[in-house]
Visitor: 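One structure is given below, represented as structure tokens, and several questions about it will come after.
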Amino acid sequence: MPRSPRILKGLRRSSILRRMAAKTEIRDLSGHVGGSATLTGWVVKNRPSGKISFFELRDGTGVCQCVVEKSESNDSLFEAARRLSQEASVEVTGAVTREERAVGGYEVRLTALTVVGASQEYPITPKPHGIDFLFKRRHLWFRAQRQWLIMRVRATIIDQIRRFFNDRGYILVDTPIFAPAAGEGSQTLFKVDYFGEPVYLAQTGQLYLEAACMAHRKVYCFGPTFRAEKSKTRRHLTEFWMVEPEIAYASLSDVIDVAEDFVCSLAERVLTDHRQELIELGRDVAQLERIRKPFYRIRYDEAAELLRGPKAKALLEKDLAAKTSRLAELDQKVAELEDRQKQGGVKQWEKDKAAAEVIDLREERSELTDQIANIPHHMKLAAEFEWGGDLGGSDETIISRLHDRPVFVSHYPKHVKAFYMREARDNAKVVENFDLLAPEGFGEVIGGSAREEDYDRLLHRIHEEGLPQEDYEWYLDLRRFGTVPHGGFGLGVERTVAWICNLKHIREAIPYPRMMGRFYP
RNA sequence: UCCCCGAUAGCUCAAUGGUAGAGCGUCCGGCUGUUAACCGGCAGGUUGUAGGUUCGAGUCCUACUCGGGGAGCCA
């Protein structure tokens with residue numbers, strides 16, 4: 001875009017300049033130092049004083065400090081600035097200066113201010129709020145810096161998901177959201193009235209994708225999926241986004257190779273584009289830099305052994321000791337802070353600060369207490385893990401924490417897995433499936449498998465699971481007409497975002513979370 | 001479906017079974033370099049709902065509602 005007036009020769013300079021000025025974004029302020037700029041945005045916070053007034057302006061691209069000094073000629077401007085309230089929308093014009101003391105490094109000294117929309121008693125104040133309060137105001141909470149950062153990282157992850165598959169010749173095939181029957185066959189489906197007929201919200205597009213991959217060889221689908229699981233945990237949503245690639249003429253290890261490259265590409269892209277944002281989110285980026293090939297690949301058998309073995313026990317014991325000593329440390333800190341508050345001669349603001357710290361410490365304490373209480377249970381679950389069961393949440397955490405890079409766990413017992421998974425030809429008790437466990441205890445982000453391509457074995461499994469064969473005739477057709485070895489996986493977007501951004505709760509990783517008992521706004 | 005924790009001012013939290021408080025936010029006043037600004041003041045309450053125990057319940061008991069964490073299940 002032309003910034004130099006020389007280029008404007010022959011145009012009506014004043015109107016063009018005005019239009020250009022109105023387009024200035026905070027992220028481009030460095031190019032306007034020494035000149036004037038017009039910004040449009042929202043007031044983050046206002047700090048008026050007797051004769052000088054500061055406020056922070058947010059415009060969606062960054063944050064910038066605005067200043068008005070009182071003078072004989074600017075009474076109305078100064079008064080308007082002094083009265084600005086949180087989240088009022090404004091258009092401002094002023095001189096741009098470099099200013100080390102200001103957020104973002106630049107400052108605008110105002111010559112004009114227009115309030116576009118007033119904002120009274122904005123509910124989300126710069127003080128701490130409870131999680132329920134914030135999610136009831138999700139529509140406003142987006143404006144908070146932390147939520148803004150997360151949404152930007154999410155957008156990049158989604159862009160990279162599409163780019164990865166598009167660049168490698170995968171064809172996007174959209175699968176239906178209204179599905180006639182169970183995909184994976186279970187009670188965790190949302191039932192919808194479809195002109196008097198029952199249909200279900202799709203849990204996966206996989207079966208449809210298998211059909212499409214016989215036409216295009218490499219395909220993927222990407223969209224929302226729905227699970228009516230009554231789980232209230234930090235890793236569950238009832239509506240979440242999943243990307244599912246499906247590849248013809250692929251073995252289990254081919255599919256795992258793709259998953260490995262894919263996850264590496266996501267980490268690399270986010271580190272390139274959002275290093276600063278990740279740091280601001282409190283992400284230890286060194287951990288993300290470890291997301292490199294090769295990931296660990298272990299079998300379910302080995303995972304079971306690991307859980308029962310001395311390493312798992314040692315990990316949990318160490319954990320218990322660390323958490324117990326942290327608990328003692330917290331108690332001591334709380335006691336110290338409370339003593340300080342009681343002492344005389346302490347300023348009110350120091351008392352407030354101490355009180356706020358006590359609240360934080362107590363919260364950490366309460367979480368820690370829960371975790372400590374759970375450890376013996378987790379130890380028992382791990383130590384007594386029996387072949388044949390699925391890996392529980394705590395088991396996954398243990399396995400992932402025993403490795404410094406993501407871990408593929410493959411070859412689970414057949415009877416705990418879905419009917420379409422390919423039976424291992426050398427061991428009929430297991431299937432050729434895999435999960436990818438993210439490190440640092442983030443748990444399962446991918447589930448995938450080779451699909452059963454043999455007609456007779458597939459039909460047998462459908463009967464074994466008690467599924468109605470007539471519902472799966474079209475699916476069986478894929479084995480009747482030129483069946484090939486194939487497979488794919490599904491990656492949960494929100495779990496991935498939570499992992500990359502180091503979020504404790506998956507619900508912050510999606511714009512409008514839908515979970516048990518929460519569907520507003 | 002099961003287990004644990006919680007609900008007090010708009011918000012975040014205090015309050016041995018004995019007069020319901022603080023900070024923030026709002027509003028008013030003050031302050032020339034602020035950064036969760038600061039200083040002074042006003043207003044703000046059927047302690048989630050319904051019962052019970054007690055001379056007396058925010059506090060103890062029971063049920064329910066809502067929320068949080070976990071189990072199961074899963075991306």
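So that the names make sense, note that chain A is the first sequence line, chain B the second, and so on, each numbered from 1.
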Visitor: Please give the nucleotide sitting opposite B:A36 as a Watson-Crick or G-U wobble pair, both distances under 3.5 Å, or none.
Guide: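 By the stated definition (distances under 3.5 Å), nothing pairs with B:A36.
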Visitor: Just the rounded figure in Å: distance from P of B:G33 to CD of A:E69.
Guide: 10 Å
Visitor: Without decimals, in angstroms, what is the distance between A:K230 NZ and B:C73 P?
Guide: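 In whole Å, B:C73 P and A:K230 NZ are 16 Å from each other.
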Visitor: Identify whether any heavy atom of A:V103 sits under 4.0 Å from a base atom; if not, whether one sits that close to sugar-phosphate; answer base, sugar-phosphate or nothing.
Guide: base
Visitor: Expressed in whole Å, how much space separates the C1' atoms belonging to B:C39 and B:U32?
Guide: 16 Å
Visitor: Among B:G33, B:G68, B:G70, find the nucleotide with the atom closest to the side chain of A:N374.
Guide: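 Selected nucleotide (nearest to the side chain): B:G70.
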Visitor: Under a 3.5 Å limit for both distances, which nucleotide forms a Watson-Crick or G-U wobble pair with B:C13, could you say?
Guide: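 Because both required distances fall under 3.5 Å, B:C13 counts as paired with B:G21.
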Visitor: Quick one: which of B:G69, B:A75, B:G25 gets closest to the side chain of A:T125?
Guide: B:G25
Visitor: If I pick the P atom on B:C11 and the same atom on B:G48, what distance separates them, to the nearest angstrom?
Guide: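 Approximately 13 Å lies between the P atom of B:G48 and that of B:C11.
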Visitor: Partner of B:U1 by Watson-Crick or G-U wobble geometry, both contacts under 3.5 Å, or none?
Guide: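 Partner of B:U1: B:A71.
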Visitor: Could you check whether A:Y300 and A:H411 have their ring centres less than 6.0 Å apart?
Guide: no
Visitor: With P as the reference atom in both, quote the distance from B:G29 to B:U47 in angstrom, rounded to an integer.
Guide: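 Comparing P positions in B:G29 and B:U47 gives a spacing of 34 Å.
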Visitor: Relative to A:F135, does A:R507 satisfy both conditions: NZ or CZ under 6.0 angstrom from the six-membered ring centre, and within 45 degrees of the ring's axis?
Guide: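 Negative - A:R507 is either too far from the ring of A:F135 or too far off its axis.
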Visitor: Is there ring stacking between A:F54 and B:G33, where the centres must be under 5.5 angstrom apart and the planes under 30 degrees?
Guide: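 The ring of A:F54 is not stacked on B:G33.
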Visitor: Find which nucleotide of RNA chain B each of A:K45 and A:M515 is nearest to by heavy atoms, and output the residue with the more 5' nucleotide.
Guide: A:K45
Visitor: Mind checking whether A:F385 and A:L381 have side chains closer than 4.5 Å, heavy atoms only?
Guide: no
Visitor: Would you kindly check whether a donor in the side chain of A:E107 faces an acceptor in the base of B:G33, or vice versa, at under 3.5 angstrom?
Guide: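 Looking at the base of B:G33, it does pair with a donor or acceptor on the side chain of A:E107 (distance under 3.5 Å).
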Visitor: Between A:R507 and A:G130, which residue's closest nucleotide on RNA chain B lies nearer the 5′ terminus?
Guide: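 Final value for this comparison: A:G130.
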Visitor: Picking from B:A75, B:G72, B:A36, which would you name as closest to the side chain of A:S231?
Guide: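 Of B:A75, B:G72, B:A36, B:G72 is nearest to the side chain of A:S231.
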Visitor: Taking B:A9 as the reference, what is the distance to B:C5 when you measure between their P atoms (whole Å, please)?
Guide: 23 Å
Visitor: For the base of B:C74, is there a side-chain donor-acceptor partner from A:R495 under 3.5 Å away?
Guide: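 Per atom types, the contact qualifies.
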Visitor: Using whole Å, report how far CD1 of A:I124 lies from C1' of B:G25.
Guide: 13 Å
Visitor: If I pick the C1' atom on B:A15 and the same atom on B:U19, what distance separates them, to the nearest angstrom?
Guide: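 That atom pair is separated by 12 Å.
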Visitor: Tell me: CZ of A:R146 to P of B:A36, nearest whole Å?
Guide: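 Checked: the CZ to P distance equals 17 Å.
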Visitor: Under 4.0 Å between any heavy atoms, over every strand shown, what does A:E121 touch: base, sugar-phosphate, or nothing? Just pick one.
Guide: sugar-phosphate
Visitor: How would you label the contact of A:P123 with the nucleic acid (heavy atoms, under 4.0 Å): base, sugar-phosphate, or nothing?
Guide: nothing
Visitor: What nucleotide, of B:A75, B:C31, B:C74, holds the atom closest to the side chain of A:S49?
Guide: B:C31
Visitor: Closer than 4.0 Å, any side-chain N/O of A:R234 to the OP1 or OP2 of B:G69?
Guide: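 Answer is no, no contact under 4.0 Å.
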Visitor: Which of these nucleotides, B:C73, B:U34, B:C11, is closest to any side-chain atom of A:F133?
Guide: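 Per side-chain heavy atoms of A:F133, the pick is B:C11.
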Visitor: Determine the Euclidean distance between corresponding C1' atoms of B:A43 and B:A22; express it in Å to zero decimal places.
Guide: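 Pairwise C1' distance, B:A22 against B:A43, rounds to 16 Å.
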Visitor: Do A:K417 and A:Y412 form a cation-pi contact, if we require the NZ or CZ to be under 6.0 Å from the six-membered ring centre and within 45 degrees of the ring's axis?
Guide: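 The answer is yes, since A:K417 meets both limits relative to A:Y412.
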Visitor: Contact class for A:D390 vs. all strands (heavy atom < 4.0 Å): base, sugar-phosphate, or nothing?
Guide: sugar-phosphate
Visitor: Judged by modelled atom types alone, do A:D159 and A:T156 share a side-chain donor-acceptor pair under 3.5 Å?
Guide: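 A:T156 and A:D159 do not have a side-chain donor-acceptor pair below 3.5 Å.
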Visitor: What is the nucleic acid contact for A:I506, judged by heavy atoms within less than 4.0 Å: base, sugar-phosphate only, or nothing?
Guide: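 Touches a base.
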Visitor: From the options B:A75, B:C28, B:G33, select the nucleotide whose nearest atom is closest to the side chain of A:R83.
Guide: B:C28
Visitor: Quick one: does NZ or CZ of A:R47 land under 6.0 Å from the six-membered ring centre of A:F55, within 45 degrees of the ring axis?
Guide: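 No.
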Visitor: Measure the distance from NE2 on A:H378 to C1' on B:G70 and round it to the nearest whole Å.
Guide: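 The distance from NE2 of A:H378 to C1' of B:G70 comes to 8 Å, rounded to the nearest Å.
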Visitor: Which nucleotide in the set B:G33, B:A71, B:C24 lies at the smallest distance from any side-chain heavy atom of A:E99?
Guide: B:G33
Visitor: Compute whether any side-chain donor of one residue and acceptor of the other, for A:Q65 and A:E99, lie under 3.5 angstrom apart.
Guide: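 A:Q65 vs A:E99: no donor-acceptor pair found between side chains.
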Visitor: C1' atom, B:U59 versus B:G18: distance in rounded Å?
Guide: 11 Å
Visitor: Between the side-chain atoms of A:R235 and the base atoms of B:G69, is any donor-acceptor pair under 3.5 Å?
Guide: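 Side chain to base: no pair present.
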Visitor: For a quick check, tell me whether the side chain of A:H236 and the base of B:C74 share a donor-acceptor pair closer than 3.5 Å.
Guide: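 Answer is yes: a donor-acceptor pair is held.
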Visitor: Quick one: A:L237 CG to B:G68 C1', roughly how many Å, whole number?
Guide: 15 Å
Visitor: Any cation-pi pair here, A:R514 with A:Y512, using under 6.0 Å and within 45°?
Guide: no
Visitor: Is it true that A:E277 and A:R283 make a salt bridge, defined as a side-chain N closer than 4.0 Å to a carboxylate O?
Guide: no
Visitor: Can you check whether any acceptor in the base of B:U26 is under 3.5 Å from a donor in the side chain of A:Q120, or vice versa?
Guide: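 Checked by distance alone, the answer is no.
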Visitor: On a whole-Å scale, what distance lies between the P atoms belonging to B:G69 and B:C27?
Guide: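 To the nearest whole Å, 34 Å.
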Visitor: Tell which nucleotide pairs with B:U59, taking only Watson-Crick or G-U wobble pairs whose two distances are both under 3.5 angstrom.
Guide: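 Base-paired to nothing in any strand shown.
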Visitor: Name the pairing partner of B:U8, where a pair is Watson-Crick or G-U wobble with both distances under 3.5 Å, or state none.
Guide: none
Visitor: To the nearest Å, how far apart are A:F226 CZ and B:C73 P?
Guide: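 To the nearest whole Å, that distance equals 24 Å.
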Visitor: Counting the atoms with a prime plus P, OP1 and OP2 as sugar-phosphate, which does A:G517 contact under 4.0 Å by heavy atoms, base, sugar-phosphate, or nothing?
Guide: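 Result for A:G517 = sugar-phosphate.
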Visitor: Report the distance from atom CD of A:Q145 to atom P of B:A36, rounded to the nearest whole Å.
Guide: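 In whole Å, B:A36 P lies 13 Å from A:Q145 CD.
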